[in-house]
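Structure, as structure tokens:
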Amino acid sequence: MVKASDIKDFLDEKAFLYNQPSFIKTDPIQIPRQFSEKENMEIAGFLAATIAWGQRTTIIKNARRLIQIMDNQPFHFIMNATENELSVFDDFKHRTFNGDDCKYFIRSLKNIYMNYDGLQAVFEKGFKTGGTVKDALIHFYGVFFEIEGIRRT
């Protein structure tokens with residue numbers, strides 16, 4: 001059986017290894033860190049995490065592209081873009097994540113910010129309701145996929 005002290009030592013070691021400016025320069029965490037407004041950080045982090053599979057340099061390049069497509073103002077873009085303006089994502093692709101996926105994510109995030117007070121509030125409500133991270137994720141999943149559109153399994 002693994003002791004709590006062993007887990008703490010392991011996590012402390014990893015925190016020391018990864019919580020370094022030199023690591024951040026080559027990690028997708030740099031995408032949300034470029035913002036100071038909470039909503040921009042949440043959105044940029046969520047989108048970067050969504051495409052975080054593959055080579056880190058490619059993930060960073062494509063996450064930057066996503067943010068640039070939104071005029072480097074993800075929250076403003078999500079809240080104000082018209083359906084026609086979502087066509088800027090038509091040619092976006094990161095591995096299997098494509099422009100249609102981007103459009104769905106933008107619509108869903110807009111729904112979350114308009115009707116649920118943002119990503120943090122959605123996760124907090126799910127956690128408070130059930131008390132576990134699993135409950136928070138289940139609640140988020142239900143909210144994120146409540147709008148019509150692409151449903152991936």
Side-chain angles (χ1 to χ4, degrees), residues 1-79 81 89 92-99 101-147 150-153:
M1 176 162 214
V2 178
K3 295 186 281 183
S5 62
D6 292 338
I7 294 171
K8 182 186 181 321
D9 291 343
F10 174 78
L11 292 174
D12 286 343
E13 176 186 324
K14 295 304 177 188
F16 179 77
L17 177 66
Y18 296 120
N19 194 16
Q20 303 289 333
S22 59
F23 180 80
I24 291 169
K25 285 189 242 177
T26 62
D27 191 78
I29 193 65
Q30 67 182 265
I31 303 303
R33 288 180 61 106
Q34 67 187 309
F35 297 102
S36 58
E37 185 179 78
K38 175 185 154 192
E39 292 82 3
N40 283 328
M41 287 188 284
E42 287 177 341
I43 294 164
F46 181 74
L47 293 174
T50 297
I51 63 168
W53 79 96
Q55 296 179 337
R56 290 190 332 180
T57 54
T58 304
I59 295 163
I60 293 166
K61 180 184 84 155
N62 286 333
R64 279 191 185 134
R65 184 168 170 236
L66 274 176
I67 300 304
Q68 289 168 349
I69 290 170
M70 294 184 278
D71 296 324
N72 295 307
Q73 298 178 45
F75 180 65
H76 182 275
F77 183 90
I78 283 170
M79 297 306 291
F89 294 105
F92 183 84
K93 184 172 65 170
H94 177 81
R95 300 181 65 105
T96 63
F97 188 82
N98 61 40
D101 298 318
C102 287
K103 292 175 193 178
Y104 183 85
F105 274 53
I106 299 302
R107 289 181 196 110
S108 184
L109 288 167
K110 182 175 185 173
N111 178 55
I112 286 170
Y113 282 94
M114 287 181 66
N115 299 307
Y116 295 93
D117 201 28
L119 284 169
Q120 179 178 348
V122 170
F123 282 103
E124 285 176 347
K125 182 175 181 184
F127 187 78
K128 287 177 185 174
T129 300
T132 69
V133 172
K134 180 179 178 182
D135 295 317
L137 291 171
I138 289 168
H139 178 69
F140 169 77
Y141 183 89
V143 170
F144 190 80
F145 289 107
E146 76 182 12
I147 65 169
I150 295 173
R151 298 213 191 268
R152 298 237 176 158
T153 56

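Model, not experiment: these values are computed from the prediction.
Using a 4.5 Å heavy-atom cutoff, the side chains of K103 and F92 are not in contact. Here the side chains of L119 and L109 are in contact, with some heavy-atom distance below 4.5 Å. Contact annotation: the side chain of H76 never approaches that of D71 to less than 4.5 Å [non-hydrogen atoms, C-beta and beyond]. Inter-residue side-chain proximity for M70 and I106 is flagged as met; some heavy-atom pair is nearer than 4.5 Å. With contacts defined as side-chain heavy-atom distances shorter than 4.5 Å, the pair T129/H139 does not qualify. For the pair P74 and F35, the minimum side-chain heavy-atom distance is below 4.5 Å.
Heavy-atom contacts from other residues, nucleotides or ligands closer than 6.0 Å to CZ of F23 number more than 12. More than 12 heavy-atom neighbours from other residues, nucleotides or ligands sit within 6.0 angstrom of CG on D6. In the displayed structure, N72 atom CG is contacted under 6.0 Å by more than 12 heavy atoms of other residues, nucleotides or ligands. Annotation for K110: atom NZ counts as buried by contact number, over 12 foreign heavy atoms lying within 6.0 Å. Sparse packing is recorded around NZ of K128, with 12 or fewer heavy atoms of other residues, nucleotides or ligands lying under 6.0 Å away. In the displayed structure, R65 atom CZ is contacted under 6.0 Å by more than 12 heavy atoms of other residues, nucleotides or ligands. The number of heavy atoms from other shown groups lying within 6.0 Å of CD (Q55) does not exceed 12.
Without hydrogens or angle criteria, H94 side chain to N62 main chain gives no donor-acceptor distance under 3.5 Å. Without hydrogens or angle criteria, N40 side chain to E37 main chain gives no donor-acceptor distance under 3.5 Å. Judged by distance alone, the side chain of Q34 and the main-chain N or O of Q30 form no donor-acceptor pair under 3.5 Å. Listed for the R56 side chain is a donor-acceptor partner under 3.5 Å among the backbone atoms of T26. Of the possible donor and acceptor atoms, none in the side chain of S108 sits under 3.5 Å from a partner among the backbone N and O of Y104. Between the side chain of N115 and the main chain of I112, no donor-acceptor pair closer than 3.5 Å is present.
Distance OG1/T96 to CD1/I51: 11.0 Å, rounded to 0.5 Å. For the atom pair CE (M41) and CD1 (I31), the distance works out to 14.0 Å, reported to the nearest 0.5 Å. Summarising the geometry, atom CE belonging to M79 is positioned 8.5 Å from atom CD1 belonging to I43; distances are rounded to the nearest 0.5 Å. Taking CG of N19 as the reference point, atom CD1 of I24 lies at 6.0 Å (rounded to 0.5 Å).
For K8 against D12, the heavy-atom pair with the smallest separation is NZ-OD2, 2.5 Å. When all heavy atoms are compared, the tightest approach of C102 to L66 is SG-CD2, 3.6 Å. Counting all heavy atoms, side chain and backbone alike, I59 lies closest to G54 at CD1-O, 3.6 Å. Considering every non-hydrogen atom in both A63 and A48, the closest pair reads CB-CB, 4.1 Å.
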| request: Could you walk me through whether V143 and F123 pass side-chain contact (heavy atoms from CB on, under 4.5 Å), step by step? | output: CA-CA 10 Å; V143 170; F123 282 103; over 6 Å; no
| said: Walk me through whether F144 and Y116 qualify under ring-ring contact (aromatic ring centres under 6.0 Å, His included). | reply: CA-CA 10 Å; F144 190 80; Y116 295 93; over 10 Å; no
| field | Criterion ring-ring contact (aromatic ring centres under 6.0 Å, His included) on F145 and Y141, from CA distance to verdict | value | CA-CA 6 Å; F145 289 107; Y141 183 89; 4.7 Å; yes
| Does the pair D135 and T132 meet the rule for a side-chain hydrogen bond (donor to acceptor under 3.5 Å, both in side chains), with working shown? | CA-CA 5 Å; D135 295 317; T132 69; 2.7 Å; yes
| said: Apply side-chain hydrogen bond (donor to acceptor under 3.5 Å, both in side chains) to residues E13 and Y18 and explain how you reach the verdict. | reply: CA-CA 9 Å; E13 176 186 324; Y18 296 120; over 6 Å; no
| task | Just do the side-chain hydrogen bond (donor to acceptor under 3.5 Å, both in side chains) check on N111 and E146 with the steps written out, would you? | result | CA-CA 9 Å; N111 178 55; E146 76 182 12; 2.8 Å; yes
| field | Evaluation steps, ring-ring contact (aromatic ring centres under 6.0 Å, His included), between F105 and F77 | value | CA-CA 12 Å; F105 274 53; F77 183 90; over 10 Å; no
| request: Give the C-alpha distance, both sets of side-chain angles, the deciding distance and a yes or no for side-chain contact (heavy atoms from CB on, under 4.5 Å) between E42 and Y113. | output: CA-CA 11 Å; E42 287 177 341; Y113 282 94; 2.4 Å; yes
